[in-house]
Chemist: 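Would you mind keeping the following structure in view while I ask a few things?
No experiment lies behind these values; they were computed from the predicted model shown.
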Amino acid sequence: METALTERSTRVVSLSKLHRAAQRRDRGVFLVEGANAVGSALAVGAVRTVLVREDDVTSFVTILDDARAAGIEIVVITPRAADKLGETTTTPGLFAECTALDTDVDAVVAAGRDGAVVVAVDLADPGNAGTLIRTADATGCAGVVLAGDAVDVHNGKCVRASAGSVFHLPIVRDRDVAGVLTRLREAGHTVLATAAGGELSLDDLDAAGNEGLLAGPVAWVFGNEAHGLSPEVAASADHRVAIPVRGRAESLNIAAAAAMCLYVSARVHAAHTS
């Protein structure tokens with residue numbers, strides 16, 4: 001077996017710098033870790049290099065075989081090098097250098113003809129962003145727009161929380177919230193903003209006679225974890241939708257709120273297109 005690269009090797013030091021957003025942006029690559037993320041990245045051809053801890057070569061034999069079959073370089077690294085590259089307390093020992101997720105709003109809009117689009121405004125927490133992306137993927141959404149002052153989708157915590165879903169559907173960052181919503185509306189999407197004081201409730205959208213709002217292309221707009229949507233963004237939506245809270249909880253986590261809305265949306269949409 002080839003000699004394993006150490007934590008002091010030029011290549012490992014260079015890759016470890018990808019933990020910083022500026023490095024990811026300037027170089028157009030990012031680092032993922034774990035079998036889910038690496039396997040998902042391989043499946044869509046996003047991997048440039050696979051790195052594996054020398055003690056774990058046999059543990060990831062299937063993924064390594066897939067990488068070899070695709071002609072992708074495999075680099076063996078020492079445990080200390082793995083610790084340098086890892087961002088978790090106990091690193092899984094498998095990494096991939098991947099090309100940046102590169103798409104635009106038009107690609108998401110086009111994909112949205114076949115499913116809902118999620119627009120998350122000013123989403124700041126990478127774990128929440130990753131969970132939201134995973135939820136969107138699980139409910140059959142066509143794409144995700146991280147709008148406004150949003151977290152970097154290439155952030156390691158976001159990628160891990162998505163469990164590989166960042167590679168399954170188009171995701172774009174765009175600072176122009178109003179422009180994103182206008183583009184979606186012009187393409188025929190009904191824009192639904194979640195708001196505590198919405199004139200509709202999620203129950204209304206699930207009731208007989210009202211399902212038409214979810215029958216066609218829909219863009220669900222979710223706000224910042226702490227402050228929700230601004231009054232201006234909420235007012236610009238076609239409808240504002242409140243999620244009934246029947247217990248004593250003050251509010252819902254954004255990923256939990258999205259799961260409820262997107263499940264209802266997917267179920268109603270499927271019933272009208274089947």
Chemist: Can you find a heavy atom in the side chain of Val52 that is under 4.5 Å from one in the side chain of Ile74?
Modeler: yes
Chemist: Does Arg173 use its side chain to pair, donor to acceptor, with the backbone of Ala150 at less than 3.5 Å?
Modeler: yes
Chemist: Under the 3.5 angstrom rule, does the side chain of Arg240 hit a backbone N or O of Glu199 as a donor-acceptor pair?
Modeler: no
Chemist: Spell out, yes or no, whether Met260 and Val118 are grouped together once hydrophobic residues are joined by side-chain heavy atoms under 4.5 Å, including indirect joins.
Modeler: yes
Chemist: Just wondering, more than 12 heavy atoms not from Arg8 lying within 6.0 Å of its CZ?
Modeler: no
Chemist: Does any N or O in the side chain of Glu87 come within less than 3.5 Å of the main-chain N or O of His19, such that one atom is a donor and the other an acceptor?
Modeler: no
Chemist: For the backbone of Leu262 and the side chain of Ser265, can you confirm whether one donor and one acceptor N or O come within less than 3.5 Å of each other?
Modeler: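 Pair absent, no side-chain N/O of Ser265 close to backbone of Leu262.
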Chemist: Any sub-3.5 Å donor-acceptor pair from Ser9's side-chain atoms to Val12's backbone N or O?
Modeler: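 Judged by distance alone, yes, a pair lies under 3.5 Å.
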Chemist: So how far is it from Thr194 OG1 to Leu200 CG, rounded to the nearest 0.5 Å?
Modeler: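 Output value for this atom pair is 12.5 Å.
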Chemist: Surrounding CG of Asp102 (heavy atoms of other residues, nucleotides or ligands, distance under 6.0 Å), is the total greater than 12?
Modeler: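 Result for CG/Asp102: open.
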Chemist: Is there a chain of hydrophobic side chains (I, L, V, M, F, W, Y, each step under 4.5 Å between heavy atoms) that links Val57 to Leu42?
Modeler: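 Yes: a chain of side-chain contacts under 4.5 Å links Val57 to Leu42.
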Chemist: Could you go through the side chain to side chain contact (heavy atoms under 4.5 Å, CB included) check for Leu214 and Trp220 one step at a time?
Modeler: CA-CA 10 Å; Leu214 301 179; Trp220 281 95; 4.0 Å; yes
Chemist: Are any of the side-chain heavy atoms of Leu101 and Phe30 separated by less than 4.5 Å?
Modeler: yes
Chemist: Do Asp137 and Arg134 sit within salt-bridge range, that is, some charged N less than 4.0 Å from a carboxylate O?
Modeler: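 Salt bridge flag = no for Arg134 with Asp137.
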Chemist: If hydrophobic clusters are built by linking Ile, Leu, Val, Met, Phe, Trp and Tyr wherever their side-chain heavy atoms come under 4.5 Å apart, do Val29 and Ile171 end up in the same one?
Modeler: no
Chemist: What pair of heavy atoms forms the shortest contact from Val50 to Leu94, and how long is it?
Modeler: CG1-CD1, 3.9 Å
Chemist: Assess whether salt bridge (charged side-chain N to carboxylate O under 4.0 Å, His left out) is satisfied between Arg68 and Asp65, documenting all intermediate values.
Modeler: CA-CA 5 Å; Arg68 290 190 189 94; Asp65 285 346; 3.1 Å; yes
Chemist: Working note: Leu85 + Glu33, criterion side chain to side chain contact (heavy atoms under 4.5 Å, CB included); need CA distance, chi angles, decisive distance, verdict.
Modeler: CA-CA 9 Å; Leu85 295 181; Glu33 62 180 297; over 6 Å; no
Chemist: How many angstroms lie between CZ in Arg53 and OG1 in Thr91, if you round to the nearest 0.5 Å?
Modeler: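 If we round to the nearest 0.5 Å, Arg53:CZ and Thr91:OG1 are 5.5 Å apart.
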Chemist: Working to the nearest 0.5 Å, report the span between CG of Leu51 and CG of Leu31.
Modeler: 7.0 Å
Chemist: Given 3.5 Å as the limit, does a donor-acceptor pair link the side chain of Thr139 with the main chain of Thr135, or not?
Modeler: yes
Chemist: Got a sec: does the CZ of Arg267 have more than 12 other heavy atoms crowding it under 6.0 Å?
Modeler: yes
Chemist: Would you check if the side chain of His269 reaches a backbone N or O of Pro217 as a donor-acceptor pair within less than 3.5 Å?
Modeler: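 No; judged by distance alone, with no hydrogens or angles, the pair does not exist.
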Chemist: If only atom types and distance count, is the side chain of Thr182 paired as donor or acceptor with the main-chain N or O of Ala178 below 3.5 Å?
Modeler: yes
Chemist: Begin from the C-alpha positions of Arg24 and Asn155 and carry the test side chain to side chain contact (heavy atoms under 4.5 Å, CB included) through to its verdict.
Modeler: CA-CA 9 Å; Arg24 297 192 296 266; Asn155 177 286; 4.2 Å; yes
Chemist: Does Val32 belong to the same Ile/Leu/Val/Met/Phe/Trp/Tyr cluster as Ile77, with side-chain heavy atoms less than 4.5 Å apart forming each link?
Modeler: no
Chemist: Is it the case that the side chain of Asp174 and the backbone of Ala147 share a donor-acceptor pair, with hydrogens and angles ignored and the cut-off at 3.5 Å?
Modeler: no
Chemist: Between Asp125 and Ile254, is there a side-chain heavy-atom distance shorter than 4.5 Å?
Modeler: no
Chemist: Can you tell me if Ser40 uses its side chain to pair, donor with acceptor, with the backbone of Ala37 under 3.5 Å?
Modeler: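 No, the answer is negative, given that no donor and acceptor are paired below the 3.5 Å cut-off.
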